[in-house]
Participant: 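Here it is, the structure in full.
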Amino acid sequence: MSKGIIKKVAGPLVIAKGMRDANMFDVCRVSDQRLIGEIIEIHGDEASIQVYEETSGLGPGAPVESTGTPMSVELGPGLIGSIYDGIQRPLDDIMRVTGGNLLKRGVEVPSLKRDRVWQFQAVVEAGKQVVAGDVIGTVQETPTVLQKIMIPPSISGVLEVKRIASGSYRVDEEVAVVKDEKGNEHSITLMQRWPVRKGRPYKEKLSLSTPLITGQRVIDTLFPIAKGGVASVPGPFGSGKTVVQHQLAKWADADIVVYIGCGERGNEMTDVLNEFPELKDPRTGESLMQRTVLIANTSDMPVAAREASIYTGITIAEYFRDMGYSVALMADSTSRWAEALREMSGRLEEMPGEEGYPAYLASRLAQFYERAGHIRTLGSDEREGALSVIGAVSPAGGDISEPVTQATLRVVKVFWGLDANLAYKRHFPAINWLTSYSLYLENLKPWFEKHVEGGDWMQLRSRLMLLLTEEDALNEMVQLVGMDALSAPDRLKMEAARSIREDYLHQNAFHDIDTYSSLKKQHFLMQLILAYYDEGKAALERGMDINRIAELPVREKIGRYKYTEEAGIESEYQAVLAEIKKEMNETD
């Protein structure tokens with residue numbers, strides 16, 4: 001432990017002298033108020049500390065004390081349903097301690113509640129041999145989440161369980177004792193600590209072959225993300241980034257959701273806090289908060305804490321991944337995190353990179369996103385877990401050529417590009433189908449062929465994309481010579497593409513039924529739209545007028561199919577399909 005005094009204060013950056021014995025990334029307590037900070041640079045006996053709390057009023061001569069440990073999070077029962085700030089301080093406990101809604105400086109509260117008792121059920125007996133990562137017991141944390149108490153990765157080698165007992169425990173009480181090969185005994189509690197800047201270890205990374213089903217048609221059909229994959233959602237202000245992330249957090253096929261509000265406006269986090277407890281998980285019927293961890297680090301909180309919030313969130317996500325769960329992490333938005341890096345870099349007087357961002361911006365982003373993946377966990381039971389990361393990016397004016405977006409696109413495999421023009425037309429999700437992409441398509445193709453009835457998912461998707469691409473090319477001609485100059489087959493393509501855009505890709509996040517669309521429903525709707533196109537081509541060959549095809553009453557039924565409840569999608573599909581064939585032949 002090293003002690004020094006403040007030499008200089010520059011916003012969230014504090015320069016302290018007398019810190020020769022301190023280490024990089026040690027947590028420090030700054031001034032008599034014991035503000036939390038982290039060492040980010042050392043020169044001789046001077047340490048540069050980024051402080052995660054407001055530094056106004058601090059001055060030279062105030063004491064600084066290094067704790068000798070890196071920034072770490074507490075991992076154990078009590079995480080699910082909690083709301084933390086960027087450095088894992090529970091906001092509800094802070095409110096009780098301070099007696100108000102505003103955060104006060106220097107508040108020290110444990111991340112996991114020390115007074116709460118949990119029922120621990122041992123799954124191994126004394127005398128059994130275990131290794132790091134093995135599950136020794138469980139705690140039913142919520143009705144939907146069974147938390148597995150594991151041997152911490154920091155204890156290596158073959159271990160023997162000396163003592164273990166089921167019962168009621170607080171998170172800091174000993175539930176078991178294990179002995180290593182050297183005869184040293186290690187106490188195991190319900191809680192473990194892990195440094196946030198260091199990824200949790202695993203046996204091996206596996207290939208990504210299973211999609212993360214989101215219930216959003218434009219994502220699942222056109223640009224799917226794999227479980228364990230990484231995606232980016234860049235877009236200008238008002239294009240629907242936050243709504244897309246809310247939808248993914250609500251409906252994605254993940255066991256656990258970690259939502260990081262990294263520097264976004266407070267009212268957006270308020271929406272999450274108000275909505276999630278009321279929403280029902282479609283798989284379990286329980287509240288979504290029963291499988292969610294929220295990190296509310298809003299734009300009015302100290303800038304430096306934005307960086308910590310990203311690492312805090314992904315470390316918590318890795319912990320649940322190690323239990324064998326599929327975890328989805330939403331970061332909203334990484335641009336705010338990058339701005340915090342830029343401010344700290346400027347105060348450290350480092351050589352700036354493009355647009356003032358630090359030269360190491362790309363490597364920091366890569367380090368964050370590479371912690372995603374589908375892995376085989378530590379332990380002897382061959383568990384598999386997945387951590388999918390979806391990061392929103394907020395480029396100024398929607399200019400995706402700026403450094404944060406470009407550095408992100410070099411790392412992620414899925415790009416959901418939000419378009420201001422689509423948002424202006426009230427087309428949501430405003431994901432531009434011509435600029436977006438997914439590099440997981442080939443990996444996911446076998447899964448879709450096996451698990452979606454008919455095995456033709458990818459062929460249907462390709463036909464939809466072809467029609468949308470051809471529509472874009474035809475639009476240029478229409479703007480020059482008008483719609484009437486197009487041939488009848490080209491007019492039909494335009495009508496089919498309009499149906500894809502308006503009936504399929506447009507999805508109402510606030511409609512009780514349309515907010516989520518199962519793969520089966522998506523498959524049926526694709527078939528209906530393409531059936532209209534195929535039957536229309538046959539009708540054109542028989543001499544039917546294109547204007548009459550475009551105005552068939554069945555088109556409204558195709559458009560309304562997405563509002564069909566899941567229980568009736570098959571019968572409604574058959575009815576609409578029969579109607580398409582009937583009207584095409586009747587009007588002939």
Side-chain angles (χ1 to χ4, degrees), residues 217-218 221-223 419 421-422 424-437 454-507 514 517 521-564 569 572-588:
R217 290 185 291 272
V218 65
T221 303
L222 300 188
F223 314 110
D419 191 314
N421 291 328
L422 287 174
Y424 180 74
K425 296 173 184 174
R426 318 307 297 165
H427 178 108
F428 292 104
I431 295 174
N432 188 317
W433 48 87
L434 299 172
T435 58
S436 302
Y437 60 81
D456 57 351
W457 179 276
M458 282 300 175
Q459 291 96 311
L460 297 177
R461 178 207 173 272
S462 297
R463 292 191 65 194
L464 258 59
M465 280 302 299
L466 180 61
L467 282 167
L468 291 168
T469 307
E470 289 179 338
E471 181 201 31
D472 184 58
L474 290 169
N475 265 332
E476 294 183 14
M477 192 184 306
V478 169
Q479 289 170 5
L480 289 172
V481 296
M483 182 71 80
D484 294 336
L486 292 182
S487 66
D490 284 344
R491 283 279 307 279
L492 183 61
K493 284 180 184 175
M494 295 288 282
E495 292 297 331
R498 181 164 71 91
S499 192
I500 295 168
R501 285 188 288 104
E502 296 178 1
D503 303 336
Y504 195 86
L505 300 183
H506 182 278
Q507 191 165 355
D514 196 36
S517 188
K521 188 174 182 180
Q522 294 180 43
H523 188 235
F524 281 149
L525 185 50
M526 275 196 284
Q527 287 179 309
L528 288 176
I529 292 170
L530 291 172
Y532 167 80
Y533 177 62
D534 292 338
E535 291 290 334
K537 279 201 299 186
L540 281 178
E541 290 174 4
R542 295 195 301 269
M544 188 186 298
D545 181 55
I546 181 60
N547 291 317
R548 298 173 74 182
I549 294 175
E551 294 167 3
L552 288 177
V554 77
R555 293 200 67 184
E556 184 180 347
K557 293 184 179 179
I558 296 172
R560 296 198 60 78
Y561 179 78
K562 61 186 177 184
Y563 301 117
T564 306
I569 55 174
E572 183 65 15
Y573 162 74
Q574 296 293 348
V576 177
L577 185 62
E579 192 76 13
I580 291 170
K581 293 179 179 178
K582 178 184 175 187
E583 289 189 10
M584 287 288 185
N585 286 303
E586 274 184 358
T587 322
D588 194 354

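Residues: numbered from 1 along the sequence shown. These numbers were taken from a predicted model, which means no experiment stands behind them.
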Participant: Could you work out, with ring pair (Phe, Tyr, Trp, His ring centres under 6.0 Å) as the rule, every residue matching H506, not counting sequence neighbours?
Facilitator: H427

Participant: Any idea which heavy atoms bring I558 and L525 closest together, and the distance?
Facilitator: O-CD1, 3.8 Å

Participant: Taking the side chain from R555 and the backbone from E495, do they hold a donor-acceptor pair closer than 3.5 Å?
Facilitator: yes

Participant: Quick check: closest heavy atoms across A496 and I529, and the distance to 0.1 Å?
Facilitator: O-CG2, 4.1 Å

Participant: Y561 side chain to I569 main-chain N or O, any donor-acceptor pair under 3.5 Å?
Facilitator: yes

Participant: Could you tell me the separation between the CG atom of L505 and the NZ atom of K562, rounded to the nearest 0.5 Å?
Facilitator: 9.0 Å

Participant: Any idea which heavy atoms bring P429 and V218 closest together, and the distance?
Facilitator: CG-CG1, 4.0 Å

Participant: Using salt bridge (Lys or Arg N to Asp or Glu O under 4.0 Å) as the criterion, list what pairs up with D472, not counting sequence neighbours.
Facilitator: none

Participant: Output all residues satisfying salt bridge (Lys or Arg N to Asp or Glu O under 4.0 Å) with R560, sequence neighbours left out; order by chain, then residue number.
Facilitator: none

Participant: Can you name the closest pair of heavy atoms from L467 and A497 and give their distance?
Facilitator: O-CB, 3.9 Å

Participant: Can you pull the salt bridge (Lys or Arg N to Asp or Glu O under 4.0 Å) pairs that have at least one residue in residues 522-535, sequence neighbours excluded?
Facilitator: R463-D534

Participant: Who are the side chain to side chain donor-acceptor pair (under 3.5 Å) partners of E572, not counting sequence neighbours?
Facilitator: none

Participant: I'd like to check the ring pair (Phe, Tyr, Trp, His ring centres under 6.0 Å) partners of Y563; sequence neighbours left out, ordered by chain and number.
Facilitator: H511

Participant: With Y532, which residues qualify under side chain to side chain donor-acceptor pair (under 3.5 Å), at least two apart?
Facilitator: none

Participant: I need the N432 CG to F223 CZ distance, nearest 0.5 Å.
Facilitator: 8.0 Å

Participant: Taking all heavy atoms of L468 and all of L434, pick out the closest pair and write down the distance.
Facilitator: O-CD2, 4.2 Å

Participant: Taking the side chain as every heavy atom from C-beta outward, state whether Q527 and L577 have any atom pair closer than 4.5 Å.
Facilitator: no

Participant: What pairs with E471 under side chain to side chain donor-acceptor pair (under 3.5 Å), at least two apart in sequence or on another chain?
Facilitator: R501

Participant: Excluding sequence neighbours, so at least two apart, what forms side chain to side chain donor-acceptor pair (under 3.5 Å) with S517?
Facilitator: none

Participant: Considering residues at least two apart in sequence or located in another chain, which fulfil the side chain to side chain contact (heavy atoms under 4.5 Å, CB included) criterion with D490?
Facilitator: L474, L486, S487, K493

Participant: Test side-chain contact (heavy atoms from CB on, under 4.5 Å) on K582 and V554; report intermediate values, then the result.
Facilitator: CA-CA 10 Å; K582 178 184 175 187; V554 77; over 6 Å; no

Participant: For the pair D514 and R217, find out whether any cationic side-chain nitrogen is under 4.0 Å from an anionic carboxylate oxygen.
Facilitator: yes

Participant: Going from CG on N585 to CD on E583, what distance comes out if it is rounded to the nearest 0.5 angstrom?
Facilitator: 10.5 Å

Participant: Roughly how far apart are N475 CG and L480 CG, rounded to 0.5 Å?
Facilitator: 11.0 Å

Participant: Which atom names give the shortest non-hydrogen contact between M584 and A539, and what distance separates them?
Facilitator: SD-CB, 4.2 Å

Participant: Please enumerate all residues that pass salt bridge (Lys or Arg N to Asp or Glu O under 4.0 Å) together with E551, with sequence neighbours excluded.
Facilitator: none

Participant: Would you say K521's side chain and T564's backbone share a donor-acceptor pair under 3.5 angstrom?
Facilitator: yes

Participant: For R461, check salt bridge (Lys or Arg N to Asp or Glu O under 4.0 Å) against everything at least two apart and list the hits.
Facilitator: none

Participant: Please report the interatomic distance CH2(W457) to NE2(H523), rounded to the nearest 0.5 Å.
Facilitator: 7.5 Å

Participant: Looking at CZ of R426 and CZ of F428, how far apart are the two atoms once the value is rounded to the nearest 0.5 Å?
Facilitator: 4.5 Å

Participant: Please test L422 against W433 for side-chain contact (heavy atoms from CB on, under 4.5 Å), starting from the C-alpha separation and ending with a verdict.
Facilitator: CA-CA 11 Å; L422 287 174; W433 48 87; 3.8 Å; yes

